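Since we're looking at a predicted model, the values are computed, not measured. These numbers come from the heavy atoms of this one structure, side chains and all, not from hydrogens, waters or symmetry mates. Counting convention: from 1, in listed order, for ligands and their atoms alike.
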Amino acid sequence: MVERRTERTRREFMKAAVAIGGASALSACTERLGGGPDVPEGDLSAVPERQHAWNEVLERDQHGNVVAPRHHVAALFDLTHDGPPTESDRTQVGEALDGLNRAYEWSNEGLLVTAGYSPYYFERFDADLSDSVDLPKPEALSPFEDPALDDPDLVVHLASDHAPVVLEAEEALVGNREQANGVEMAASFDGVLERRERRTGFIGAGLPAENQDVEGIPDGDPVPEDAPLYMGFKSGFEKNQASEERVTIQEGPFADGTTQHLSKIRLRLDDWYGEQDHDTRVAEMFCPAHAESGKVEGTGESLGDDSGMSDCPAPEESARDYGRVGHSQKMATNAREDDSPIILRRDFDSTDGGEAGLHFLAVHREISDFVETREAMNGEDLTENPAVRQRVNNGILEYTFVRRRGNYLLPPTSKRALPDPQ
Ligand code: HEM
């Protein structure tokens with residue numbers, strides 16, 4: 001029991017350190033671990049050309065579902081000067097990113113990293129972005145949201161099972177330390193790119209429960225001990241994710257790249273936990289038929305590798321028969337191809353700003369794949385049934401509030417350093 005509590009405090013501490021960031025958080029982290037985790041060194045040649053090719057090196061659970069790395073940082077950067085980047089900027093940024101890959105093994109035990117560029121970055125050039133890439137500026141994607149639209153040049157996503165790794169990698173990238181994992185960094189972003197914002201988070205059994213003392217989660221520790229996400233259920237089942245191949249750009253100068261949407265969603269789970277029981281939560285997250293059949297036990301481990309959407313009736317039918325429609329059920333209707341979603345979700349929870357939130361990070365071949373998926377989630381047509389309102393009885397819309405949106409292009413690894421649009 002004492003051991004469990006110690007382990008719990010240790011993990012809470014690690015998460016808090018990532019959220020705080022910086023050199024002091026990092027040294028507190030390593031001190032706590034008595035020297036830091038034993039992290040395997042990297043090898044640049046082991047990094048795949050597809051920056052988003054993570055699944056092969058990630059662990060799988062007993063059902064074959066990919067297990068996401070536990071700690072995440074998304075750091076947003078701007079070029080320090082106007083106009084397009086110079087050759088020397090490019091070399092420096094390339095060396096900094098290569099440095100991280102040399103320092104840490106390309107895996108959840110080491111570090112997974114992607115660099116993505118916004119449509120605003122590409123406006124710095126005279127040439128237009130290649131026709132083979134769909135990269136519109138972000139916009140509101142439902143009539144009931146008013147998000148801030150993110151316009152940094154670049155977002156770097158760092159992910160690892162070890163909190164000190166994401167912290168140290170970020171510090172090395174911005175130039176606050178010369179070594180990463182004991183390996184000398186040849187360069188940092190310093191002088192070329194300025195960090196304007198950092199977003200942090202976590203996903204995985206235990207972490208949400210340990211970090212539920214934030215705005216948006218009611219008192220009484222309602223988040224289940226073993227839940228990987230604040231809302232209490234597993235997500236990202238193998239059969240309910242797009243494949244990495246499906247989300248990869250197939251042709252043109254950015255072939256082997258992908259596009260990424262990153263939104264920030266605030267969670268308000270007072271009613272989710274205060275007014276609903278397990279069955280109503282299952283009905284709204286999955287579908288009312290799943291609640292009726294008892295298919296979803298606990299966090300959803302009982303589902304194996306498939307959320308079982310073929311056992312849910314069409315959303316309109318659920319609206320008519322149950323007065324309620326599930327999130328997953330809505331998502332599994334339109335925005336699909338070959339019986340699979342067209343976006344690959346890599347979202348994580350967050351306590352940024354002292355509020356429960358979710359950084360919804362997803363990759364897809366085209367931004368329009370995300371837009372189409374989000375339209376399915378809006379469920380606007382379902383309100384034809386008077387029991388279903390725009391945000392009530394309509395999946396999880398009642399509890400989720402989109403605050404920010406941004407769109408990015410993740411070039412292939414060989415072009416990840418300040419790419420030219422053509
Ligand atoms: C707090 C926010 C969210 C939570 C907790 C959440 C959770 C879940 C869960 C538990 C499932 C069912 C299990 C699975 O298939 O992995 C699911 C499915 C899904 N969600 Fe979400 N989700 C959230 C937001 C979103 C957003 C913003 C989108 C995209 C617009 C999205 C897209 C999807 C898709 C595409 C599926 C799979 C549906 C299919 O099988 O075709 N989710 N989500």
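Among protein heavy atoms, the minimum distance from atom 16 (O) of ligand 1 is reached at Gly236 N, 2.5 Å. Nearest to atom 32 (C) of ligand 1 among the protein's heavy atoms is Met331 CE, 3.5 Å. Phe360 CZ, 3.5 Å is the protein heavy atom nearest to atom 31 (C) of ligand 1. The protein heavy atom nearest to atom 15 (O) of ligand 1 is Asn240 CB, 3.1 Å. Given atom 12 (C) of ligand 1, the protein heavy atom at minimum distance is Ser328 OG, 3.5 Å. The protein atom (non-hydrogen) at minimum distance from atom 27 (C) of ligand 1 is Met377 SD, 3.6 Å. Among all protein heavy atoms, the one lying closest to atom 2 (C) of ligand 1 is Leu358 CD2, 3.5 Å.
Contact annotation: for Phe370 versus ligand 1, heavy atoms closer than 4.0 Å belong to the side chain alone. If you look at Leu229 next to ligand 1, there are no close heavy atoms at all, none under 4.0 Å. Residue Phe237 touches ligand 1 through backbone and side chain together, judged by heavy-atom distances below 4.0 Å. At a heavy-atom cutoff of 4.0 Å, ligand 1 is contacted by the side chain of Thr400 but not by its backbone.
Atom CG of Leu358 sits about 11.5 Å away from atom CG of Asp352, to the nearest 0.5 Å. Asp150 contributes atom CG, which lies 9.5 Å from atom NZ of Lys264 (distance to the nearest 0.5 angstrom). For the atom pair CE (Met377) and NE2 (His327), the distance works out to 5.0 Å, reported to the nearest 0.5 Å. From Thr80, atom OG1 reaches atom CG of Asp89 across 6.5 Å, with rounding to the nearest 0.5 Å.
Side chain of His71 to main chain of Pro69: no donor-acceptor pair is present (N/O by atom type, distance under 3.5 Å, no hydrogens or angles).
Glu355 has a carboxylate O that lies under 4.0 Å from a charged side-chain N of Arg266, or vice versa, which qualifies the two as a salt bridge. A salt bridge does not link Arg268 with Glu215: every distance from a Lys NZ or Arg NE/NH1/NH2 to an Asp or Glu carboxylate oxygen is 4.0 Å or more. Salt bridge Arg70/Asp161: absent, no basic N to carboxylate O contact under 4.0 Å. A salt bridge is absent between Glu210 and Lys15; no separation between the charged side-chain nitrogens and carboxylate oxygens falls under 4.0 Å.
Checked by distance only, ligand 1 and Thr373 stay at 3.5 Å or farther apart across all their nitrogen or oxygen atoms. Here's the thing with Ile343: none of its N/O atoms is less than 3.5 angstrom from an N/O atom of ligand 1.
For ligand 1, the atoms sitting less than 4.0 Å from at least one non-hydrogen atom of Ala332 are 39 (C), 40 (O), 41 (O), numbered in the order shown with element in parentheses. Heavy-atom proximity to Leu267, at under 4.0 Å, picks out these atoms of ligand 1: 1 (C). Per-residue contacts place Met231 under 4.0 angstrom from the following atoms of ligand 1 (heavy atoms of the residue considered): 1 (C), 5 (C).
Relative to atom 21 (Fe) of ligand 1, the option among His327, Arg374, Met285, Gln241 with the closest non-hydrogen atom is His327. Compare Lys330, Gln329, Arg345 by their heavy atoms: the one nearest to atom 33 (C) of ligand 1 is in Arg345. When the heavy atoms of Arg336, Met309, His290, His364 are ranked by distance to atom 39 (C) of ligand 1, first place goes to Arg336. When Ile396, Asp306, Leu397 are checked for heavy-atom proximity to atom 4 (C) of ligand 1, Ile396 turns out nearest.
When side chains are defined from C-beta on, Tyr104 counts as touching Val39, because their heavy atoms get closer than 4.5 Å.
By the neighbour-count criterion of 12 heavy atoms within 6.0 Å, atom CD of Gln250 is densely surrounded, having more than that number from other residues, nucleotides or ligands.
At least one heavy atom of Phe286 sits under 4.0 Å from some atom of ligand 1. Put simply, part of Lys234 is less than 4.0 Å from ligand 1, judged by heavy atoms.
By the 30° and 60° cut-offs, the orientation of the rings of His261 relative to His364 is tilted. Using cut-offs of 30° and 60° for the angle between ring planes, the Tyr117 and Phe122 rings count as perpendicular.
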